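Here is how names work: the chains are called A, B, and so on, in the same order as the sequence lines, proteins then strands, and each is numbered from 1. Since the structure is predicted, the reported quantities are computational estimates derived from the model, not experimental observations.
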There are 2 protein chains.
Amino acid sequence: MKLEKITSKTKGARRTYEDACGTAHALDLIGERWALLVMRELLLGPKRFSDLRADLPGISANVLTQRLEGLEETGLVVRRKLPPPASAQVYELTDWGYESEPIIQTLGRWATRSPLHDSSLSLSGTSLMLSFRTMFAPERAGDFVGSIGFRIGHERYRVTIADGRIEAVRGDPEGADAILTGSAPVMAAIVYGGVPLDALIGESALKLEGDRALVERFATFFPLPTKVGSSVA
Amino acid sequence: MKLEKITSKTKGARRTYEDACGTAHALDLIGERWALLVMRELLLGPKRFSDLRADLPGISANVLTQRLEGLEETGLVVRRKLPPPASAQVYELTDWGYESEPIIQTLGRWATRSPLHDSSLSLSGTSLMLSFRTMFAPERAGDFVGSIGFRIGHERYRVTIADGRIEAVRGDPEGADAILTGSAPVMAAIVYGGVPLDALIGESALKLEGDRALVERFATFFPLPTKVGSSVA
DNA sequence: CGGCATCCGGGAAGATACTG
DNA sequence: CAGTATCTTCCCGGATGCCG
């Protein structure tokens with residue numbers, strides 16, 4: 001039954017650029033809509049289907065299914081079954097998949113100069129952590145040493161700075177010098193928008209535990225490039 | 001009726017990710033099919049519509065028109081009218097557009113590890129020059145000093161190496177230490193495929209003028225990353 | 001609830017033909 | 001040469017429904 005359909009497009013038959021250039025091949029692999037953002041959401045570790053859906057507002061279930069299938073076929077993602085008790089299926093990047101982080105960072109840094117960039121839109125916790133990795137300026141941090149925990153929705157992250165290097169990972173914030181609780185856009189407003197802590201705490205948009213001065217220093221370590229068309233080019 | 005539909009997308013109404021993440025915004029700007037490859041072809045300088053068509057095998061005229069319009073709207077490309085005598089219209093990247101080169105390089109370097117990458121496909125002269133910029137390994141070049149000219153189709157390029165740095169530009173090859181004439185895939189076979197010069201000269205696929213030993217050294221300066229799944233990981 | 005198959009409407013991409 | 005016009009095909013996005 002319907003053998004002709006099977007033969008007509010036996011399997012992939014993906015649209016490719018037919019170009020030996022590496023960049024073109026990269027687009028063959030991750031150029032489809034949503035593909036790179038799915039990778040982004042997996043960069044801090046495995047996630048379940050519904051977590052991905054929740055963190056990618058606007059993606060539909062069938063497109064997410066298609067992307068995960070495609071990324072699995074090309075060897076960028078693997079499905080893994082968690083051992084019981086937590087017997088759930090998760091998607092995880094392969095080693096090669098994790099190597100896509102520089103791509104995501106380069107794109108992100110470049111686009112920050114766009115005059116059309118609207119930073120008031122929603123932001124996932126993963127995106128925020130990756131932006132810290134991308135925008136961290138060691139010369140601003142000097143000999144700063146410290147760690148800050150983040151509680152964003154149900155997710156937990158920990159950022160550690162020492163020796164002019166930054167680490168931003170998913171994990172338990174307990175034991176950090178300070179812990180911030182709030183939404184990702186609020187955290188972004190502090191670090192990138194220059195909004196003072198008090199304003200947000202006053203609005204109950206943010207909760208701060210621990211070393212306040214340390215958080216205020218931390219917020220100065222992530223300078224943004226100038227917008228294009230800005231006279232201070 | 002259906003006035004609401006008309007107002008809802010009166011004009012542009014481009015599809016966006018509605019995500020504050022810089023990476024997502026980058027994809028809003030250059031994530032459409034062909035957009036980044038159009039930028040790639042402009043990275044070595046302005047080109048005319050039909051040159052772009054010729055160097056992007058597979059793109060159709062209307063899609064190229066749409067991409068150029070879009071890139072112009074977002075401020076990445078400008079149309080310029082060449083002064084008479086050569087009174088022709090060309091497309092050129094803006095300063096911000098030129099800053100996309102790291103994106104293209106990062107994508108290209110990453111994709112080179114793909115097991116699915118087929119280097120036998122066609123390749124534009126621009127892609128070849130950009131691959132030299134991307135893959136150049138200064139430690140391989142040591143104190144090498146020299147310049148090589150390339151004649152590929154009607155295009156002319158010049159690659160200069162000195163002080164452990166490489167320059168690859170469009171321009172007159174006269175005066176270079178050696179000049180190669182042939183197709184871009186043939187040049188790639190030499191540099192990336194390890195094919196000896198003699199074989200290609202014998203097939204009349206390549207013409208060499210000038211310092212042969214210099215070309216043979218040059219061909220060793222561009223190591224490729226290992227393929228994923230290779231046992232020599 | 002998690003994951004996947006299916007159907008449908010709209011829009012973007014691809015191919016071809018045509019025009020100034 | 002530099003595009004426009006038209007038609008077809010395919011992908012994306014939304015909704016529904018099935019199944020474990």
Side-chain angles (χ1 to χ4, degrees), chain A residues 1-2 5-6 8-9 11-19 24 27-28 30-38 46-73 77-82 84-91 154, chain B residues 2 4-6 8-19 27-28 30-38 41 46-72 77 79-82 84-92 154:
Chain A
M1 31 143 71
K2 315 229 170 157
K5 277 187 78 173
I6 298 177
S8 72
K9 63 191 312 288
K11 199 57 180 305
R14 312 161 63 107
R15 208 187 303 196
T16 87
Y17 286 107
E18 300 291 340
D19 187 323
L27 295 173
D28 286 337
I30 51 171
E32 284 173 306
R33 195 163 163 75
W34 291 106
L36 199 59
L37 298 186
V38 171
K47 281 191 181 180
R48 294 189 299 184
F49 188 90
S50 29
D51 294 329
L52 287 170
R53 263 199 94 174
D55 293 333
L56 293 170
I59 197 171
S60 62
N62 56 9
V63 170
L64 179 54
T65 301
Q66 288 171 32
R67 287 305 158 271
L68 289 170
E69 281 172 359
L71 293 173
E72 196 178 359
E73 278 174 25
V77 163
V78 288
R79 304 157 83 110
R80 214 153 47 78
K81 193 101 186 166
L82 257 42
S87 193
Q89 185 172 239
V90 294
Y91 297 88
H154 296 289
Chain B
K2 317 237 171 144
E4 64 285 0
K5 277 186 79 175
I6 298 175
S8 72
K9 64 188 313 289
T10 314
K11 193 63 180 302
R14 310 164 63 109
R15 206 189 309 196
T16 87
Y17 287 107
E18 301 291 339
D19 188 324
L27 295 174
D28 285 337
I30 53 172
E32 285 173 306
R33 195 163 162 76
W34 291 108
L36 199 59
L37 298 185
V38 171
E41 286 305 318
K47 280 191 181 178
R48 295 189 299 182
F49 189 92
S50 29
D51 294 327
L52 287 170
R53 261 198 95 173
D55 294 332
L56 293 169
I59 198 172
S60 61
N62 52 9
V63 171
L64 179 53
T65 301
Q66 288 171 32
R67 287 304 157 275
L68 289 170
E69 281 172 358
L71 294 172
E72 196 178 358
V77 163
R79 301 158 86 111
R80 212 153 48 78
K81 192 102 186 166
L82 256 42
S87 195
Q89 185 172 244
V90 294
Y91 296 88
E92 181 170 22
H154 295 289

Check: B:Trp34 main-chain N/O paired with A:Tyr17 side-chain donor or acceptor under 3.5 Å: yes
Euclidean distance, atom CG of residue A:Leu27 to atom C1' of D:dC11 [Å, nearest integer]: 17 Å
OP1 or OP2 of D:dG13 under 4.0 Å from side-chain N/O of B:Tyr17: no
d(CZ, B:Phe49; P, D:dC1) in whole Å: 12 Å
Candidate pair A:Ile30 and A:Val38, rule side-chain contact (heavy atoms from CB on, under 4.5 Å), full reasoning: CA-CA 10 Å; A:Ile30 51 171; A:Val38 171; over 6 Å; no
Whole angstrom value for the distance that separates C1' of D:dT4 from CG of B:Leu68: 14 Å
Separation of atom CG in A:Leu64 from atom P in D:dG14, rounded to whole Å: 13 Å
Nucleotide nearest B:Glu69 when distance is taken to its side chain, options C:dA5, D:dT4, D:dG3: D:dT4
Straight-line distance of A:Arg79 CZ to A:Gln89 CD, nearest 0.5 Å: 4.0 Å
Gap between atom CZ of B:Arg53 and atom CZ of B:Arg48 - 0.5 Å precision: 14.0 Å
A:Asp19 side chain near A:Leu27 side chain, heavy-atom distance below 4.5 Å: no
B:Gln89 CD to D:dC1 C1', straight-line distance once rounded to whole Å: 11 Å
Length of the CZ-C1' vector between B:Arg80 and D:dA2, whole Å: 17 Å
Distance, nearest 0.5 Å, that separates CZ of B:Arg67 from CG of B:Leu37: 11.0 Å
Gap between atom CG of A:Leu64 and atom OH of A:Tyr91 - 0.5 Å precision: 7.5 Å
Derivation and outcome, side-chain contact (heavy atoms from CB on, under 4.5 Å), residues B:Val63 and B:Arg33: CA-CA 9 Å; B:Val63 171; B:Arg33 195 163 162 76; over 6 Å; no
Beyond-backbone contact of B:Gln66 with B:Glu32, side-chain heavy atoms, under 4.5 angstrom: no
Net bend of the helix from C:dC1-D:dG20 to C:dG20-D:dC1, end axes of five pairs each, nearest 10 degrees: 30°
Short side-chain N/O contact from B:Thr65 to OP1 or OP2 of D:dG3, under 4.0 Å: no
Tabulate atom names and distances for all N/O pairs under 3.5 angstrom spanning the protein and nucleotides 13-17 of chain C.
| from | atom 1 | to | atom 2 | distance (Å) |
| --- | --- | --- | --- | --- |
| C:dA13 | OP1 | B:Arg67 | NH2 | 2.1 |
| C:dA13 | OP2 | B:Gln66 | OE1 | 3.4 |
| C:dA13 | OP2 | B:Arg67 | NH2 | 2.4 |
| C:dA13 | O3' | A:Arg15 | NH1 | 2.5 |
| C:dG14 | OP1 | A:Arg15 | NH1 | 3.4 |
| C:dG14 | OP1 | B:Arg33 | NE | 2.5 |
| C:dG14 | OP1 | B:Arg33 | NH2 | 3.2 |
| C:dG14 | OP2 | B:Trp34 | NE1 | 2.7 |
| C:dA15 | N6 | B:Asn62 | ND2 | 2.2 |

